[in-house]
Amino acid sequence: MSEVKYSKSADGYGKSGTVNNYVAEDELTVEITLAEYRDLVRDVALRDKDVKMAEEDKYERETENRNLKEENDALKAEMFELKKELDGLKDGITEAVDYTYDKAREHFLKEGTEDAGDQND
């Protein structure tokens, strides 16, 4: 079988949609067996499958990461609100303790004065 050679200009060479199944003059060609071609096609298909699986895994991890960030932000906001509430309770307890201490002190001072007055009689 004789090899047909065509001459061609460089316009459109290698662009998608063009037919590249011919041999131009002085173009380097390689012949492969059908088994080699099948191996090549299989390897490309497996590689494409691996790339697709890796992209799906990446998408899943990015989605999970985004969800975890949103959850983290929500928990931080909740923690901030709870801290504000706790600080308010602490202030209330401090005020109550101070008030109780002052009242107790007044009471004991009053009783001490009354007791001192009774002792002088």
Asks: Have a look at Glu71 and tell me which of Asn67, Asp73, Leu68 forms a side-chain contact (heavy atoms from CB on, under 4.5 Å) with it.
Replies: Leu68
Asks: When you group the ILVMFWY residues by side-chain heavy-atom contacts below 4.5 Å and let the links chain together, are Ile32 and Val41 in the same group?
Replies: yes
Asks: A side-chain contact here means heavy atoms from C-beta on lying under 4.5 Å apart; do Leu86 and Lys90 qualify?
Replies: yes
Asks: Is the shortest side-chain N to carboxylate O distance from Arg105 to Asp102 below 4.0 Å?
Replies: no
Asks: Within the 4.5 Å heavy-atom criterion, are Tyr59 and Glu55 side-chain neighbours or not?
Replies: no
Asks: Taking only Lys NZ, Arg NE, NH1 and NH2, and the carboxylate oxygens of Asp or Glu, determine whether Lys52 and Asp48 approach each other closer than 4.0 Å.
Replies: no
Asks: More than 12 heavy atoms of other residues, nucleotides or ligands under 6.0 Å from CD of Glu70: is that the case?
Replies: yes
Asks: As an exercise, state the distance from OG1 of Thr100 to NE2 of His107, rounded to the nearest 0.5 Å.
Replies: 13.5 Å
Asks: Mind checking what makes side-chain hydrogen bond (donor to acceptor under 3.5 Å, both in side chains) contact with Asp57, not counting sequence neighbours?
Replies: Arg61
Asks: Do any N or O atoms from the side chain of Glu81 and from the backbone of Glu78 form a donor-acceptor pair under 3.5 angstrom?
Replies: no
Asks: I need the Ile93 CD1 to Asp98 CG distance, nearest 0.5 Å.
Replies: 12.0 Å
Asks: Would you indicate whether the side-chain heavy atoms of Asn65 and Lys69 approach each other to under 4.5 Å?
Replies: yes
Asks: Taking Val30 as the starting point, is it possible to reach Tyr37 by hopping between hydrophobic residues whose side chains are less than 4.5 Å apart?
Replies: yes
Asks: Look up atom OH in Tyr99 and atom NZ in Lys103, then write down how far apart they are to the nearest 0.5 Å.
Replies: 4.0 Å
Asks: Would you indicate whether the side-chain heavy atoms of Thr33 and Glu36 approach each other to under 4.5 Å?
Replies: yes
Asks: Working note: Asp50 + Arg47, criterion salt bridge (charged side-chain N to carboxylate O under 4.0 Å, His left out); need CA distance, chi angles, decisive distance, verdict.
Replies: CA-CA 5 Å; Asp50 290 342; Arg47 187 196 67 219; over 6 Å; no
